[in-house]
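The block underneath contains the structure these notes are about, expressed in structure tokens.
We number each residue from 1, following the sequence as shown.
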Amino acid sequence: MTGVLIDENLPSWLVLPTRLEVVHACDLGVSPGDGMLWAHGRDHDLAMVSKDADFSGRVQLLGPPPKVVHAKIGNLRARALTDLFARVWPEIEVLLKHHHLINVYREAIEVIA
């Protein structure tokens, strides 16, 4: 994994504490579809970060790449969202080395596959 692709259902201002390349869906054009995002993540070895369950299903069906971080966090205020990812991202990055689907909850991280 060389970087991270953040889906359009997460804000473009979201900052992850990483040295990896971070791309937001809006950087790829106006409202790219799931298929385009999946292909871009696969072709550029990026982990998908999304609140969309479609990517979780796709990685379970097709396998990686890309790997998927499914944020099952509901709606959070900007500060809470930033704090959550600042707190959990280092662990997620380690888990992504050996797993291809990680669910993130407000109070827990769950490795699926």
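- With respect to Val68, the side chain to side chain contact (heavy atoms under 4.5 Å, CB included) criterion is satisfied by exactly one of Asp52, Leu101, Asn103: Leu101.
- Judged purely by atom type and a 3.5 angstrom limit, Ser50 has no side-chain atom pairing as donor or acceptor with the backbone of Asp7.
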**Request:** Please step through side chain to side chain contact (heavy atoms under 4.5 Å, CB included) for the pair Leu5 and Phe55, ending with a clear verdict.
**Result:** CA-CA 12 Å; Leu5 175 57; Phe55 292 118; over 6 Å; no
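- Val104 and Val15 fall into different hydrophobic clusters, where Ile, Leu, Val, Met, Phe, Trp and Tyr residues are linked whenever their side-chain heavy atoms come under 4.5 Å apart, directly or through other members.
- Crowding of Asn75 atom CG: a count of heavy atoms from other residues, nucleotides or ligands under 6.0 Å not exceeding 12.
- Side-chain N or O atoms of Arg42 include none that pairs as donor or acceptor with a backbone N or O of Pro65 at under 3.5 Å.
- Using a 4.5 Å cut-off on side-chain heavy atoms (C-beta onward), Pro11 and Leu81 make contact.
- Under the 4.5 Å side-chain heavy-atom criterion for Ile, Leu, Val, Met, Phe, Trp and Tyr, Leu20 and Val69 are members of the same hydrophobic cluster.
- Atom OG of Ser56 sits about 12.5 Å away from atom CG of Leu61, to the nearest 0.5 Å.
- The main-chain N or O of Glu21 is never found under 3.5 Å from a side-chain atom of Thr2 such that the two would form a donor-acceptor pair.
- In the displayed structure, Arg87 atom CZ is contacted under 6.0 Å by more than 12 heavy atoms of other residues, nucleotides or ligands.
- A 4.5 Å side-chain heavy-atom check between Leu10 and Lys51 finds at least one atom pair inside the cut-off.
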**Request:** Let me see the working for Ile6 and Phe85 under side chain to side chain contact (heavy atoms under 4.5 Å, CB included), right down to the final yes or no.
**Result:** CA-CA 12 Å; Ile6 299 175; Phe85 275 101; over 6 Å; no
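- Residues Met48 and Met36 fall within the same hydrophobic cluster, defined by Ile, Leu, Val, Met, Phe, Trp and Tyr side chains chained together at heavy-atom separations under 4.5 Å.
- When all heavy atoms are compared, the tightest approach of Pro32 to Ala25 is CG-O, 3.5 Å.
- Between atom CH2 of residue Trp38 and atom CG of residue Leu46 there is a gap of 12.0 Å, rounded to the nearest 0.5 Å.
- When the side chains of ILVMFWY residues are joined at heavy-atom separations under 4.5 Å, either directly or via intervening members, Trp89 and Trp13 end up in a single hydrophobic cluster.
- Closest heavy-atom contact between Gly41 and Pro66: C-CB, 3.8 Å.
- The pair Arg58-Asp54 does not meet the salt-bridge criterion, since no charged nitrogen lies less than 4.0 angstrom from a carboxylate oxygen.
- Ile109 and Val94 are not part of a single hydrophobic cluster, where members link through side-chain heavy atoms under 4.5 Å apart.
- Put simply, NZ on Lys72 and CZ on Arg106 are 14.0 Å apart, with the number rounded to the nearest 0.5 Å.
- The minimum heavy-atom distance between Ala47 and Met1, with the atom names listed, is CB-SD, 3.2 Å.
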**Request:** Apply the test side chain to side chain contact (heavy atoms under 4.5 Å, CB included) to residues Val22 and Leu14: give CA-CA distance (whole Å), side-chain angles for both, the deciding distance (0.1 Å), then the verdict.
**Result:** CA-CA 10 Å; Val22 178; Leu14 181 62; over 6 Å; no
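- Side-chain atoms of Lys67 come within 3.5 Å of backbone atoms of Leu96 as a donor-acceptor pair (strictly under, hydrogens ignored).
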**Request:** Check the pair Val59, His70 against side chain to side chain contact (heavy atoms under 4.5 Å, CB included), reporting the backbone distance first and the verdict last.
**Result:** CA-CA 11 Å; Val59 76; His70 186 181; over 6 Å; no
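- Rounding to the nearest 0.5 Å places CG of Leu62 at 10.0 Å from NE2 of His100.
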